[in-house]
Amino acid sequence: MHHRDFSVNPTSGIANKGKFIALTETGTHNSFGDATGIDHLKELGVTHVHILPSYDFNSVDEANLPANNYNWGYDPLNYNTPEGSYSTNPSDPATRIREFKQMVKSLHDAGIGVIMDVVYNHTAQGDESNFSRLVPGYFYRHRPDGTYSDASGCGNETASERKMMSDYIVNSVKYWADEYHIDGFRFDLMGIHDTATMDRVASELKKIHPDIFVYGEGWTAGDSPLGQNHRALKDNVGKMTGIAVFSDDIRDAIKGHYSKADDRGFATGKPGNEETVKIGIAGATAHPQIDYSKGNNSKSPYAKAPTQVINYVSCHDDLTLTDKLNKSMPDATADERKRAAKLAQTIVFTSQGTPFMFAGEEVFRNKQGVHNSYNSPDSINSINWDLKHENADLFNYYKNLIALRRSHPAFRMTSAEDVAHNIVFDNISEPNLISYSIRNNANGDEWAEIKVIFNGADDDKVVNVAKHDWTIIAADAQIDPDGLGKSKGGKITVAHRSATILARK
């Protein structure tokens with residue numbers, strides 16, 4: 001979630017648009033009376049909000065806010081200070097501190113944790129940065145010719161393997177966790193950092209807050225002098241403790257490749273992604289029924305436990321899910337694209353690991369087809385909250401999907417052994433069709449068995465289900481954690497581009 005995106009649109013009903021304290025305003029609503037702002041988050045049922053960079057960044061002149069362009073904030077300047085443009089008075093240093101803390105407290109009071117996006121892998125400036133002024137050359141990696149190495153794609157990369165840089169990162173996140181009560185950190189281009197530093201980060205943070213959440217992008221944007229074995233990459237996450245990485249496997253398999261706008265995936269009818277979706281379902285852990293050699297992005301399990309994986313279909317980067325569906329399904333109706341969105345998120349939210357979604361996807365938010373909108377205007381980036389009324393069915397689906405996951409621990413197993421033991425895939429060779437069971441009252445669930453079937457094809461499919469007294473939880477693009485009806489099993493029809501979920505006690 002980006003502060004401006006979330007509140008700046010006139011339809012938000014929020015007074016302090018684009019500010020930290022926008023998230024303290026209750027009773028806000030769109031033009032149709034639907035809840036917006038923090039009330040919307042509570043209604044949706046999310047457990048945490050991941051805020052995009054909120055420390056002081058370089059691209060915004062706080063002394064002349066009206067003249068500034070929008071920015072995501074991936075250009076760090078002062079790491080341990082809240083960004084002034086998100087405060088109501090940038091000229092008063094105390095205001096930004098107080099208002100950031102008010103925001104965190106408001107979310108905590110609503111039962112929502114706060115995760116902060118941090119960018120220690122590079123700085124906005126090179127020779128003129130605070131690090132370079134302190135000890136020239138020490139805090140950065142360099143090429144043999146003395147120029148800055150650039151695994152960040154932003155002109156430089158920091159050298160976390162050096163003690164003072166490692167200490168700086170560890171002390172900085174500890175400060176945010178202790179002083180501002182931050183509940184987790186998302187590391188931008190975490191693969192630039194070394195695994196030892198990331199292990200220190202997780203270990204030290206858990207002393208402050210045992211449930212703190214540390215995750216990041218398990219890749220780099222270019223090559224680095226740091227050896228592959230030492231990088232905090234996706235393939236090395238199993239070597240780390242208390243760290244999670246984003247799953248590009250499930251992302252691209254569900255919707256199509258992120259860099260090819262017209263490419264389709266499992267949820268939009270393209271065959272050949274079934275095994276990669278299964279990798280996502282198992283949280284990238286070893287499972288005896290998954291053929292990793294058929295994985296699109298990964299050819300072997302990389303997570304020691306499903307808790308080391310973040311599943312998602314889109315984020316602030318690249319096309320929103322809505323825009324991706326518009327471009328890859330140009331001839332489909334809006335309703336068909338919404339069916340695909342529901343299926344995509346159902347896969348994410350029923351898979352092992354942690355589900356993550358882009359703010360506004362639940363109301364079918366778009367960015368008018370702009371994929372790298374880091375400095376696009378509010379007209380591109382802001383969430384039009386009136387879409388919540390227009391897409392009420394989609395919003396309610398997301399809300400019920402989140403409620404289903406939260407109330408059933410079978411979707412939240414914490415060990416690879418449990419995943420391998422309790423998830424049984426059915427032997428189906430048909431393209432765009434996956435069927436599996438979560439058995440044995442997994443993870444202490446009240447349901448003895450959950451049958452999950454995904455049909456990403458353009459037509460309905462018939463699937464054999466064991467004969468029991470089943471409760472239908474999801475079918476034909478509808479979902480209700482308390483049940484939509486009953487089924488005796490046998491041959492059941494799974495509607496096109498939808499999920500069917502059955503449960504029995």
Side-chain angles (χ1 to χ4, degrees), residues 1-52 102-115 183-184 213 312-316 320-322 338 341-342 344-346 348-350 354-366 382-408 411-412 473-474 477-484 499 501:
M1 189 200 85
H2 186 280
H3 294 291
R4 285 188 70 85
D5 293 8
F6 191 70
S7 56
V8 77
N9 196 286
T11 60
S12 73
I14 293 171
N16 294 284
K17 290 179 170 57
K19 306 300 181 184
F20 292 133
I21 59 171
L23 283 158
T24 68
E25 296 183 37
T26 58
T28 61
H29 52 80
N30 64 13
S31 308
F32 299 93
D34 304 302
T36 62
I38 194 169
D39 291 346
H40 169 85
L41 295 176
K42 289 161 65 177
E43 184 185 4
L44 184 59
V46 292
T47 63
H48 292 72
V49 167
H50 158 177
I51 51 175
L52 260 65
Q102 287 173 327
M103 170 190 69
V104 174
K105 184 178 187 304
S106 176
L107 286 162
H108 283 176
D109 289 346
I112 299 171
V114 181
I115 291 171
D183 304 284
F213 199 21
Y312 74 119
V313 283
S314 70
C315 64
H316 67 281
T320 67
L321 180 57
T322 309
K338 281 185 236 182
K342 289 178 180 179
Q345 293 294 5
T346 306
V348 167
F349 275 82
T350 54
T354 300
F356 167 107
M357 57 179 282
F358 184 40
E361 277 183 356
E362 69 278 15
V363 299
F364 221 40
R365 170 243 188 117
N366 68 78
S382 69
I383 299 172
N384 175 359
W385 286 102
D386 283 353
L387 289 171
K388 186 175 179 180
H389 179 79
E390 182 181 325
N391 300 303
D393 174 66
L394 186 74
F395 170 76
N396 287 325
Y397 190 96
Y398 273 67
K399 182 174 70 172
N400 284 332
L401 185 58
I402 291 169
L404 172 67
R405 183 183 178 88
R406 290 190 67 164
S407 57
H408 288 282
F411 299 116
R412 309 192 308 273
I473 305 301
Q478 298 300 315
I479 188 169
D480 186 338
D482 297 322
L484 296 165
I501 301 174

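Here the structure is a predicted model, which means the values were calculated and not measured.
- The shortest non-hydrogen separation linking T28 to G37 is OG1-N, 3.9 Å.
- The two atoms that bring K388 and A35 nearest to each other are NZ-O, 2.8 Å, heavy atoms only.
- Note that the CD atom of Q102 and the CG atom of D109 stand 11.5 Å from one another [nearest 0.5 Å].
- Residues I51 and F20 have side chains not in contact (no heavy-atom distance under 4.5 Å, counting atoms from C-beta outward).
- Counting non-hydrogen atoms of other residues, nucleotides and ligands closer than 6.0 Å to NZ of K399 gives a total above 12.
- Looking at heavy atoms from C-beta onward, L44 lies in side-chain contact with Y398 at the 4.5 angstrom threshold.
- Not a single donor-acceptor pair under 3.5 Å links the side chain of D183 to the backbone N or O of I115.
- Note that the CG atom of N16 and the CE atom of M103 stand 13.0 Å from one another [nearest 0.5 Å].
- In this structure, N391 contributes its side chain and V363 its backbone to a donor-acceptor pair below 3.5 Å.
- Using a 4.5 Å heavy-atom threshold, the side chains of D5 and H316 count as separate.
- Remark: side-chain polar atoms of E43 are not paired, donor with acceptor, to backbone N or O of L41 under 3.5 angstrom.
- The number of heavy-atom neighbours closer than 6.0 Å to NE2 of H29, taken from other residues, nucleotides and ligands shown, is 12 or below.
- Across all non-hydrogen atoms, the minimal contact from F6 to I383 is CA-CD1, 4.2 Å.
- Between the CD1 atom of I473 and the CG atom of L484 there is a distance of 7.0 Å, given to the nearest 0.5 Å.
- With rounding to the nearest 0.5 angstrom, the CD1 atom of I38 is 6.5 Å from the NZ atom of K42.
- Side-chain contact between Q345 and Y397 is absent, with no heavy atoms from C-beta onward closer than 4.5 Å.
- Under 4.0 Å is where a charged nitrogen must lie from a carboxylate oxygen, and between K338 and D393 no such pair does.
- When all heavy atoms of N9 and K17 are compared, the closest pair comes out as O-CE, 3.5 Å.
- Using a 3.5 Å distance cut-off with no hydrogens or angles, the side chains of S12 and S7 do not pair a donor with an acceptor.
- In this view, F213 and Y215 satisfy the ring pair (Phe, Tyr, Trp, His ring centres under 6.0 Å) rule, not counting sequence neighbours.
- The two residues R365 and T320 make their nearest non-hydrogen contact at O-OG1, 3.7 Å.
- N366 pairs by the side chain to side chain donor-acceptor pair (under 3.5 Å) definition with nothing, not counting sequence neighbours.
- Distance alone, capped at 3.5 Å, places no donor-acceptor pair between the N400 side chain and the D480 backbone.
- Listed for the D34 side chain is no donor-acceptor partner under 3.5 Å among the backbone atoms of N30.
- Closest non-hydrogen pair, T350 versus F411, comes out as O-CD2, 3.4 Å.
- In summary, the side chains of D386 and T11 do not present any donor paired with an acceptor at a separation below 3.5 Å, with no hydrogens or angles considered.
- Side-chain contact between F32 and E390 is absent, with no heavy atoms from C-beta onward closer than 4.5 Å.
- Using modelled atom types, one side-chain atom of T346 and one backbone atom of K342 make a donor-acceptor pair closer than 3.5 Å.
- Here NE2 of H48 is found 11.0 Å from CG of L107. Values are rounded to the nearest 0.5 Å.
- Here E362 contributes atom CD and L387 contributes atom CG; the two are 10.5 Å apart, rounded to the nearest 0.5 Å.
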